[in-house]
Amino acid sequence: MRPSDFLSIPCVADTLVAVERRLPRRSLRSPLAVAFAINRRYVRPLGVTLTSLLLNTPGPIEAFILSADLETLPEPLLKLQARFPRLKLQLVPVDFRRLDSLLMNPELEHISRETFFRYLLPDLLPAHRRVLYLDADTLVCGSLRTLWELPLEGFYAAGVPDDFNIRQGHPNALGLDQPGEHYVNAGVLLLNLEALRRDRVADRLFRLSSERVLRFMDQDAINLVFRGRIRPLPERYNVTSDSLRRKKHRFRGHPTILHFTSRWKPWRCSFPFGAWRYQAYQRLWERFAGLEPVIRVGLLVDEFFGGAGTAYGGYGFLARYGVCGLIPNEDIQIDVILAEPGKKNRPGGDIIEGTCLYFPPTRKRAFRRWLKRANYDVYLSIEACNLRVLCKDPNPRRRVLFWIQDPRPKADWEEIATVKLFPEPSYWDEALAAAVHHWAAQGRLRFLSQAASLNAKARTLYALPEAMPITLLPNPIVPPYPRETVLAAEKRNKVVFLGRIESVKRGWLFCEIAKAMPEVDFHVLGQSSRDTARNEALIAPYRALSNLHFEGHVEGAVKARHLLEAKVLVNTSIHEALPISFLEALACGALLVSNQNPEGLTERFGVWVGQVLGDGFEAVPRFVDAIRSLLNLPEDVRRRRVAAALDEVLTVHDPERFRTHLRALIKEEAARFRHPGSAAEPPLRA
């Protein structure tokens with residue numbers, strides 16, 4: 001039975017009856033013993049694998065769950081067992097200390113130590129003669145009874161040759177080059193436990209994995225130790241992601257086991273090969289286990305802070321470290337939809353820190369099909385980046401959380417245009433602003449704002465009525481140091497500039513300030529990401545200054561160290577909203593000097609030099625005086641200001657507060673989409 005057949009049945013009870021009626025009488029035989037090695041993060045994927053196993057393999061099934069961090073069987077798995085009385089689940093605790101001597105390959109960061117649990121199966125299951133080991137990223141699409149009854153006399157295991165690694169020549173590199181020496185994928189193994197115990201094979205596996213770091217760790221060790229004692233299986237019993245991608249015409253029928261071996265796991269990505277099958281079984285598993293379906297969020301943005309070759313900027317920083325770094329959990333999955341199109345009708349993309357990034361297909365019809373297949377529950381748009389996705393979305397009811405970050409009405413662009421040395425290209429888009437107004441009037445958008453001072457600009461830019469609610473959602477800041485460390489830090493007479501080198505930032509002003517203060521160290525933390533040649537030509541004359549240091553793009557601990565050492569952050573931009581750099585500096589105890597004063601931060605925690613239009617050279621003395629006043633502050637006064645700034649950042653921009661608030665907003669909007677009318681708000685007409 002195909003998963004679509006099950007999905008067409010209206011209720012769970014009918015589904016179970018239908019399954020049982022399809023069981024042949026000969027299925028009442030000895031239980032099929034299957035083993036899995038998981039940690040807490042893999043409970044949901046395991047549930048999908050078990051559901052697919054139950055719906056396709058008749059007869060009793062014993063499932064052994066090897067885990068080091070589960071104390072009891074999770075409730076969803078118990079509910080699945082209650083729905084299927086022929087399923088018997090048993091949790092098998094494993095002590096990690098037994099694996100202390102085993103060497104991990106640091107290049108395979110996505111593989112955890114649980115991968116070695118299969119070494120322990122002969123000892124952990126002493127009453128069993130054989131067991132079928134399955135990775136929890138597999139999907140059973142056909143009966144495993146024929147595989148289970150396969151004779152194993154003279155063999156330690158049966159497995160499917162790993163076609164991908166064989167093509168790469170990896171078995172030959174290991175010395176497996178003789179006839180009968182097969183190299184198999186270890187994600188699906190029928191193990192002869194009786195023979196493994198008799199020959200004390202586990203001791204040899206432990207010894208080999210303790211003596212050398214193998215490229216594929218346990219898989220390489222199993223193939224080396226089982227050399228010549230592995231029975232090869234037909235490929236349909238372990239159709240990997242690579243096989244499906246290369247030979248999908250061959251498996252359009254019914255592979256017995258799909259194995260999602262690539263980084264594109266179907267429970268966190270929308271478009272790996274075979275995902276449609278997985279998602280069908282996932283919906284069934286959620287129904288059987290009484291779980292709410294995972295909320296799928298499409299994050300609309302045009303950069304990911306360097307990820308997938310995108311630019312470094314504030315929006316990308318928020319997308320990568322704010323939204324994708326703090327929000328996803330078992331209930332919420334986030335895909336990043338980038339503005340640059342993919343090739344023809346196929347999406348491109350990448351996976352960065354567990355988040356799937358997509359460049360959608362170019363053609364309008366292909367893009368609509370792509371969105372229909374993705375079937376997001378809600379979009380989250382950082383400002384109006386990539387919001388034209390709504391024009392192509394086939395479902396006009398899908399809602400959008402519109403997060404106001406830097407609205408620029410026409411008056412702001414007129415100020416930006418006063419820069420003549422290197423004019424900032426204008427992306428003023430009246431048609432897009434009108435489209436946002438239209439979608440808001442339809443009731444599709446729910447507005448959030450990083451700062452209350454931006455709301456008036458947003459209402460002007462998008463022609464929103466005063467009655468349109470805007471929810472405050474301050475940008476999160478994860479402090480790199482404890483409060484006590486920041487307050488006790490020994491500061492130097494060091495001044496930093498943090499941001500991209502481009503026209504709107506007017507980096508040449510920072511260089512002129514450094515030129516006027518040769519006794520003070522100035523550090524530029526950032527680089528140009530567009531118009532690099534022209535930006536470099538403007539900055540090049542300043543590179544000879546002995547007190548001016550160009551550090552390039554810095555992140556993480558390096559950036560935090562610079563900010564912790566510095567007394568002052570200088571911002572010379574012609575335009576800002578509420579820069580992340582202000583918050584990062586205050587979180588590290590650096591005070592502010594700027595011609596921008598968002599939310600009154602600069603004048604409260606530094607010196608505001610007043611408005612500076614044009615190229616700004618005439619304002620250099622004002623910046624110099626402001627910096628000197630902060631460098632010469634009495635230490636007790638400076639520490640009091642730093643403490644007050646820290647308290648505000650840690651309270652208003654607390655990441656846990658942000659996480660709780662945004663998750664609640666996502667769940668609320670997803671519920672409105674899934675259950676229209678239950679909590680719907682009438683659209684506000686502009």
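What you see is a predicted model; the values in this text were computed from it and never measured.
Checked by atom type and distance alone, the side chain of Gln596 pairs as donor or acceptor with a backbone atom of Ser573 at under 3.5 Å. A donor-acceptor contact shorter than 3.5 Å links the side chain of Asn632 to the backbone of Arg628. Using modelled atom types, no side-chain atom of Asp531 and backbone atom of Arg534 make a donor-acceptor pair closer than 3.5 Å. In terms of modelled atom types and a separation under 3.5 Å, the side chain of Lys491 and the main chain of Leu564 share a donor-acceptor contact. Checked by atom type and distance alone, the side chain of Glu551 never pairs as donor or acceptor with a backbone atom of Gly526 at under 3.5 Å. Side-chain N or O atoms of Arg663 include one that pairs as donor or acceptor with a backbone N or O of Ile327 at under 3.5 Å. Between the side chain of Arg40 and the backbone N or O of Asp69, at least one donor-acceptor pair lies under 3.5 Å. Not one N or O on the side chain of Arg659 forms a donor-acceptor pair closer than 3.5 Å with the backbone of Pro476. Without hydrogens or angle criteria, Arg399 side chain to Gly443 main chain gives a donor-acceptor distance under 3.5 Å. The closest donor-acceptor contact from the side chain of Asn597 to the backbone of Glu603 lies under 3.5 Å.
Applying the salt bridge (charged side-chain N to carboxylate O under 4.0 Å, His left out) criterion to Arg492, with sequence neighbours excluded, gives Asp521, Glu565.
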**OP:** Please test Glu512 against Arg506 for salt bridge (charged side-chain N to carboxylate O under 4.0 Å, His left out), starting from the C-alpha separation and ending with a verdict.
**Re:** CA-CA 10 Å; Glu512 285 290 330; Arg506 296 188 299 192; over 6 Å; no
Original post:
Can Trp267 and Arg44 be said to form a side chain to side chain contact (heavy atoms under 4.5 Å, CB included), step by step?
Top reply: CA-CA 9 Å; Trp267 58 87; Arg44 283 202 182 216; over 6 Å; no
Original post:
Step by step, would you call Glu424 with His575 a side chain to side chain contact (heavy atoms under 4.5 Å, CB included)?
Top reply: CA-CA 11 Å; Glu424 170 81 357; His575 173 88; over 6 Å; no
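Under 3.5 Å, the side chains of Asp302 and Tyr315 contain no donor-acceptor pair of N or O atoms. In this structure, a donor-acceptor pair under 3.5 Å is present between the side chains of Asn571 and Glu576.
Asn547 and Ala514 make their closest contact through ND2-O, 3.0 Å (heavy atoms, listed as atom of the first residue, atom of the second, distance). For Gly610 against Asn595, the heavy-atom pair with the smallest separation is O-CB, 3.1 Å. Smallest separation of non-hydrogen atoms from Ile539 and Gly507: CD1-C, 4.3 Å. Counting all heavy atoms, side chain and backbone alike, Pro409 lies closest to Leu461 at CA-CD1, 4.0 Å. Shortest non-hydrogen contact noted between Gln405 and Ala577 is O-CB, 3.1 Å.
With ring centers used as reference points, Trp608 lies 6.0 Å or more from Phe582. Taking the six-membered ring for Trp, Trp403 and Phe658 have ring centres closer than 6.0 Å.
Ion pairing between a basic and an acidic side chain is recognised when a charged N comes within 4.0 Å of a carboxylate O; Arg543 and Glu536 show such pairing. By the 4.0 Å N-to-carboxylate-O rule, Glu353 lies close enough to Arg320 to be salt-bridged with it. Remark: Asp350 engages Arg263 in a salt bridge, criterion side-chain N to carboxylate O under 4.0 Å. Residues Asp647 and Arg483 are paired through a salt bridge, judged by an N-O separation under 4.0 Å between the basic side chain and the carboxylate. The pair Glu292-Lys667 fails the salt-bridge criterion, with no side-chain N (NZ, NE, NH1 or NH2) lying under 4.0 Å from an Asp/Glu carboxylate O.
For the ring-ring contact (aromatic ring centres under 6.0 Å, His included) criterion with Phe522, the lone passing option out of Phe550, Phe510, Tyr542, Phe497 is Phe510.
Taking the six-membered ring where tryptophan is involved, the planes of Phe402 and Tyr462 are perpendicular, since the angle between them exceeds 60° and thus also 30°. Between Phe305 and Tyr312, the angle of the ring planes goes over 60°, which puts this pair in the perpendicular group of the 30/60° scheme. Note: His523 and His562 have tilted aromatic rings, judged against thresholds of 30 and 60 degrees for the angle between ring planes.
Rounding to the nearest 0.5 Å gives a distance of 10.0 Å between CD of Glu669 and CG of Leu445.
Listed by first and then second residue, the side-chain hydrogen bond (donor to acceptor under 3.5 Å, both in side chains) pairs involving residues 609-619 are Glu415-Gln611 (not counting sequence neighbours).
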